[in-house]
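Below is one structure, written out as C-alpha cells; the observations come after it.
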Amino acid sequence: MYVLLSAPDEAPTGALALTPLDAQGNPAGPARTVTPANLAAVVRELETKNPRWVWQRTGDFYPALLSAGVSVERCHDLTLCRNILANSSFTAHTDYAKNTQAEPMEEPLDERPSLMSNPLQDSLFAEPVAAKGPPASALASQLRAQLAALRQATEPGRLALLLAAESAGSLIAVEMQHAGLPWRTDLHEAILQEHLGPRPQGLNRPEKMEALAAELRLALNAPSLNPDSPQELMRALHRAGIEAKTTRQWELVNIKHPAIEPLLAYKKLSRLHSANGWSWLDTWVADGRFRPEYVVGGVVSGRWASRGGGALQIPKQIRGAAHADDGFKLIVADAAQLEPRVLIALAQDTKMAEAARDKDLYAGIAAQGFGGERAKAKVALLGAIYGSTTGESGRLMPQLTRTYPHAVGFVEDAARAGERGDTLTTRLGRSTPPPSDGYLRTQQTTNEAEQRRADSFARSRGRFTRNFVVQGSAADWAACWLAELRRRLRALAEEVRGPRAELVFFLHDEVMVHCPEPLVEQVSALVEDAAAAAGELLFGKVPVAFPVTTAVVDSYDKAK
DNA sequence: TCTGATCGCGCG
DNA sequence: AAAGCGCGCGATCAGA
C-alpha cells in the first residue's frame, strides 16, 4: 500500500530506510535499509507493485531517482499534505488540526531546505543522497495522523482527492524541472538582437536602449538623466511640465508630450534586457532547456509558484524561443475561461451555465445581459470575481447581479464572510489562512480614526476571500487536470515505443506537452479527456463544461 | 558597503 | 493614501 522512504530509526549511517505501511499507516512488514547508491534500483523493483511512496518532501528524493532513470506512479508528500490538513475547514474539528495549530513544532517535519538545492546544476547531475530529517518512526506516525484526520474529515472524498492531486503535482513539478522547457538560445538571441541590438560589453546599455535614452534626455532637457531611476525621472518629468504622480506605464500612456514615446519605448526595452536578456539566458538556460523550479502549494490559493528565471512570467515577446525539438511538437492547451466556469459550478448558477454552453462564455453572457457587448460582459464578470467597486466594472455590477443573482451572490457571500474573519474553503478543501495581524489588531477598535483602518483591512480581506474561493477551486481543477493527464501520458508511454510525450510547462490554467509528432493526435485527445475527468472529479455531473483550447505548434508564440 | 523595502512590470 | 485577485524578479532607494 504505502512505502515510506526516510532516514532509518537507528543511528544515522547515511543509509535509507524503506518501510512498508498498511492503509492506516501501520507497519506492514519488515523495513529494509538501502545505501543511497542502491536506492534507484530498489525503488524500480518495488514500483512494479504500485505502492504509494511516502516521503517528507518529494524534492528530497525524486530528482535523484529521475536522474537514475526511475519514475514513480504516485506518492504522498507529507509536508504538502500537512499544510492542507492543518488548515482545512474540513478537518478543523480533528485532533490533528488542533494539535498542528497549537503545537506546530510538536511533530517537527524538517523545515530545512530540500537536499536538492541548486536547480540548474543539480538536476542534471543529481546524486543519490543520504536522508537527513526525521526517522522512519516519526514520519510513519505523521502519516497515521494525517490519514486519521482524513477519515474524520467532513468531506473525506474531496480532501483525499486534493491530497492525491497535490502529491501528484509534486511529482510533476520535479519531472518538469528534470525535463526542462525546450529553449532555443539562437532564437532567443535573434529576438534580443532585433529589439536591443548586439549584445553590449559588460554592464553597458544595449545600443537601442542608449539611443532612446539620448532621445529622452533631449526631449526633457535633462542631459544627465538616468531613466532607470524613478526619482530622477520623476523630477525631470516635473521640470518639463509633465504632471505625473508615478512613472508607471499606464499613467504615462495618457500624457501627450514628445518625451513620452521614447520613455515608454525605453521602459519596454529595459524590461526585456534586465528580465529576459542575455544574462537571463546565461543563468537559466543550459543544454537547450529552461529548468525553473516549480513550487507546488507556493500560493495560498493552491496555485503553484516558481523560483528561478521568472518561469511563470515568460513574456509573450520571447515565447518564440520556446521551440520543440526536431520531430516534436509543442501541444499548448489552455482551459478556456476557467475561473468563471468554476464559479458557475460552485454557485450552481443555471442561468450562467446556459451562457457557458458555447465555448465563448463571455459572448454567451454578453448575449444574455449586455446587449451583445462581449468586452463589457468580460470586464463585469472578472470584476465580480476580483471584487472591483470602481471604474467600468464597478458600474456594470448591478446589471450582472440582476442577470445572475446566484453567481454574484456566491462571491458576495464569500466577501462578506471574509470581512467578518471567517474561513473560506475551496471545492476540494483548501482553506484560507487566518486573518492577518493587521486585521485582528484593528477589528476590536472603538476609536473612530482607527475604524477607517479597520474597515480597510476588512474590505481587503473580503476581496481576498472572494477571489480565493474561485481562484483556489480553479487551482483544484487544474491540479486534477494535470494529474489525470500525467496518468494518461504514462499509460500511453507503456503502450507505444519510442520517444515519450512529456509535460514541460504548467501555468495556472495552461499546460504544455513536448510531443513526438506521431503522437500528436493521441496526446491532444488525452489533454481533453483529462480536462473532462477533472470537471467530473470536482463537481460530478454538472451542466457546465471545462473546454480546453489546444494548439499544436513548433514554438510557444504560435499558441493563442 | 551591505540589507531590506519599494517601485515597476511581466504572467495568469 | 488606496488600489479589483494571485505571484517573482531586477533595479533603485533608504537606512544602518
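Within every chain, numbering begins at 1; the chains are lettered A, B, ... in the order of the sequence lines, protein sequences first and strands thereafter.
- Nucleic acid contact for R319(A): sugar-phosphate only, since backbone atoms but no base atoms lie under 4.0 Å from a heavy atom of the residue.
- Here G298(A) lies out of heavy-atom contact (under 4.0 Å) with every strand.
- In this structure, I314(A) reaches the sugar-phosphate backbone alone: every heavy-atom distance under 4.0 Å involves primed, P, OP1 or OP2 atoms, never a base.
- S388(A) has no side-chain polar atom (N or O) that falls below the 4.0 Å cut-off from OP1 or OP2 of dC5(C).
- For T247(A) and dC7(B), the shortest distance from a side-chain N or O to OP1 or OP2 is not below 4.0 Å.
- Using modelled atom types, one finds a donor on one side chain and an acceptor on the other under 3.5 Å when comparing T425(A) with S431(A).
- If you check every strand for non-hydrogen atoms under 4.0 Å, G383(A) touches a base.
- Here S274(A) lies in heavy-atom contact (under 4.0 Å) with sugar-phosphate atoms only.
- Contact annotation: R248(A) side-chain N/O to dG8(B) OP1/OP2 distance is under 4.0 Å.
- W280(A) has its ring centre less than 6.0 Å from the ring centre of W183(A).
- Phosphate proximity of dA2(C) to S456(A): absent, as no side-chain N or O sits under 4.0 Å from OP1 or OP2.
- Below the 3.5 angstrom threshold, one finds a donor paired with an acceptor across the side chain of Q313(A) and the base of dG8(C).
- Side-chain atoms of E215(A) and Y266(A) form no donor-acceptor pair, as typed in the model, at a separation below 3.5 Å.
- Rounding to whole angstrom units, CG of residue D334(A) and C1' of dC11(B) are separated by 13 Å.
- Taking atom CZ of R205(A) as the reference point, atom P of dG10(C) lies 18 Å away to the nearest angstrom.
- For dG10(B), one of the phosphate oxygens OP1 or OP2 lies less than 4.0 angstrom from a side-chain nitrogen or oxygen of Q249(A).
- Using modelled atom types, one finds no donor on one side chain facing an acceptor on the other under 3.5 Å when comparing D334(A) with T549(A).
- Phosphate proximity of dG12(B) to K316(A): present, with a side-chain N or O under 4.0 Å from OP1 or OP2.
- Contact annotation: side chain of R303(A) to base of dC7(C), donor-acceptor pair absent below 3.5 Å.
- G394(A) comes within 4.0 angstrom of no nucleic acid atom, judged by non-hydrogen atoms across all strands.
- Among the protein residues, S270(A) comes within range of no part of the nucleic acid, since none of its heavy atoms lies under 4.0 Å from any strand.
- Contacts of A275(A) with the nucleic acid, taken as non-hydrogen atoms under 4.0 Å apart, are absent.
- Checking the phosphate oxygens (OP1, OP2) of dG12(B), a side-chain nitrogen or oxygen of K560(A) falls inside 4.0 Å.
- Remark: the T426(A) side chain and the S473(A) side chain contain no N/O donor-acceptor pair separated by less than 3.5 Å.
- Residue R307(A) places no side-chain atom within donor-acceptor reach of the base of dG8(C), judged by atom type and a 3.5 Å distance cut-off alone.
- For dC13(C), the OP1/OP2 oxygens have a side-chain nitrogen or oxygen of Q231(A) closer than 4.0 Å.
- At least one side-chain nitrogen or oxygen of R463(A) sits closer than 4.0 Å to the OP1 or OP2 atom of dC5(C).
- Summarising the geometry, the separation between CZ on R453(A) and P on dA2(C) is reported as 8 Å, rounded to the nearest angstrom.
- Contact check, N226(A) against dT12(C): a side-chain N or O comes under 4.0 Å of OP1 or OP2.
- For the pair K268(A) and dG10(B), the criterion of a side-chain N or O lying under 4.0 Å from OP1 or OP2 is met.
- Atoms CD and OG1, from E419(A) and T465(A) in turn, are 7.5 Å apart once rounded to the nearest 0.5 Å.
- Across all strands shown, dG12(B) forms a Watson-Crick or G-U wobble pair with dC5(C), both key distances being under 3.5 Å.
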